[in-house]
Amino acid sequence: EAGVAQSPRYKIIEKRQSVAFWCNPISGHATLYWYQQILGQGPKLLIQFQNNGVVDDSQLPKDRFSAERLKGVDSTLKIQPAKLEDSAVYLCASRHVREPTYEQYFGPGTRLTVT
Amino acid sequence: AQSVAQPEDQVNVAEGNPLTVKCTYSVSGNPYLFWYVQYPNRGLQFLLKYITGDNLVKGSYGFEAEFNKSQTSFHLKKPSALVSDSALYFCAVRGSRDYKLSFGAGTTVTVRA
């Protein structure tokens with residue numbers, strides 16, 4: 001089966017600009033996650049969707065970050081305006097809702113550099 | 001709150017020697033434990049998991065991990081390391097009542113020929 005798809009793979013923007021990332025999960029996976037991975041750190045959960053509803057966005061900086069999954073399939077994560085500290089790899093992951101082992105499948109990530 | 005500690009930033013071993021990557025955790029309730037590997041410019045790849053049952057878990061690419069409840073540890077092991085095992089390894093935990101996965105900071109493994 002096809003894996004989790006993300007685009008773009010790399011993005012360089014200046015601070016205060018806007019950027020958007022796209023994720024298409026594995027077909028049939030109702031649960032979708034966005035993680036932020038800063039260099040030298042483990043991934044940190046930003047937001048979790050179940051179908052098109054938000055399950056947890058407690059660690060999402062809502063003043064500048066937003067995410068949506070309107071039709072319960074693909075998702076977009078937006079940053080507006082970007083700050084230098086947003087430089088990171090943004091990982092999307094998905095999981096089948098009835099996956100008994102709770103394993104998440106990760107996409108290749110989008111590496112964002114804010115200058 | 002749940003957390004994961006990977007006490008070693010880097011592990012260096014010679015090819016053919018045993019490899020161990022350490023992980024300790026803190027979580028409420030029964031732990032669900034995972035190891036992921038990340039190669040340069042790639043996403044995280046699942047290696048193995050412990051949910052319940054046998055404390056010794058076998059996973060992909062010859063890796064295994066031992067769950068130790070009393071020491072709250074889940075160390076990753078490979079009896080004979082390969083140069084191709086050089087990568088960044090992450091340990092992760094979630095509680096049985098919490099869907100959120102918490103990751104350690106990662107351990108960079110370098111296997112020299």
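Everything numeric here is computed off the predicted structure, so don't read it as measured data. Each chain gets a letter, A, B and so on, in the order the sequences are listed, and its residues count up from 1.
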Consider only side-chain N and O atoms of [X] and [Y], and report whether a donor and an acceptor are under 3.5 Å apart.
| X | Y | answer |
| --- | --- | --- |
| A/Q36 | A/Q41 | no |
| A/E14 | A/T115 | no |
| A/Y33 | A/R95 | yes |

> Is there a side-chain contact between B/F103 and B/C91 (heavy atoms, below 4.5 Å)?
Replying inline: no
> Hey, which residues of residues 57-75 of chain A are touching chain B, say heavy atoms under 4.5 Å apart?
Replying inline: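 So the qualifying residues are A/S58, A/Q59.
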> Given the options A/R111, A/K44, A/Q37, which has more heavy-atom pairs under 4.5 Å with chain B than any of the others?
Replying inline: A/Q37
>> Heavy-atom pairs under 4.5 Å with chain B: which of A/G107, A/G42, A/G40 has the most?
In response: A/G42
>> Applying side chain to side chain donor-acceptor pair (under 3.5 Å), can you list everything that pairs with A/T31, at least two apart in sequence or on another chain?
In response: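 With sequence neighbours excluded, A/T31 shows a side chain to side chain donor-acceptor pair (under 3.5 Å) to A/Q50, given in chain and number order.
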> Checking A/V89 against chain B: side chain, backbone, both or neither under 4.5 Å from a heavy atom?
Replying inline: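 Neither the backbone nor the side chain of A/V89 comes within 4.5 Å of chain B.
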> Using non-hydrogen atoms only, which part of A/Q6 is less than 4.5 Å away from chain B: side chain, backbone, both, or neither?
Replying inline: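 No part of A/Q6 comes within 4.5 Å of chain B.
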Less than 3.5 Å apart, which donor and acceptor atoms pair up between the side chains of residues 8-17 of chain B and the rest of the protein, not counting sequence neighbours?
residue	atom	partner	partner atom	Å
B/E15	OE2	B/V83	N	3.4

> Is it the backbone or the side chain of B/Q6 that comes under 4.5 Å from a heavy atom of chain A, or both, or neither?
Replying inline: neither
> A/R9: what forms a salt bridge (charged side-chain N to carboxylate O under 4.0 Å, His left out) with it, not counting sequence neighbours?
Replying inline: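 Not a single residue meets the salt bridge (charged side-chain N to carboxylate O under 4.0 Å, His left out) criterion with A/R9.
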> On the ring face of B/F34, is B/K49 found with NZ or CZ under 6.0 Å from the centre and within 45° of the axis?
Replying inline: no
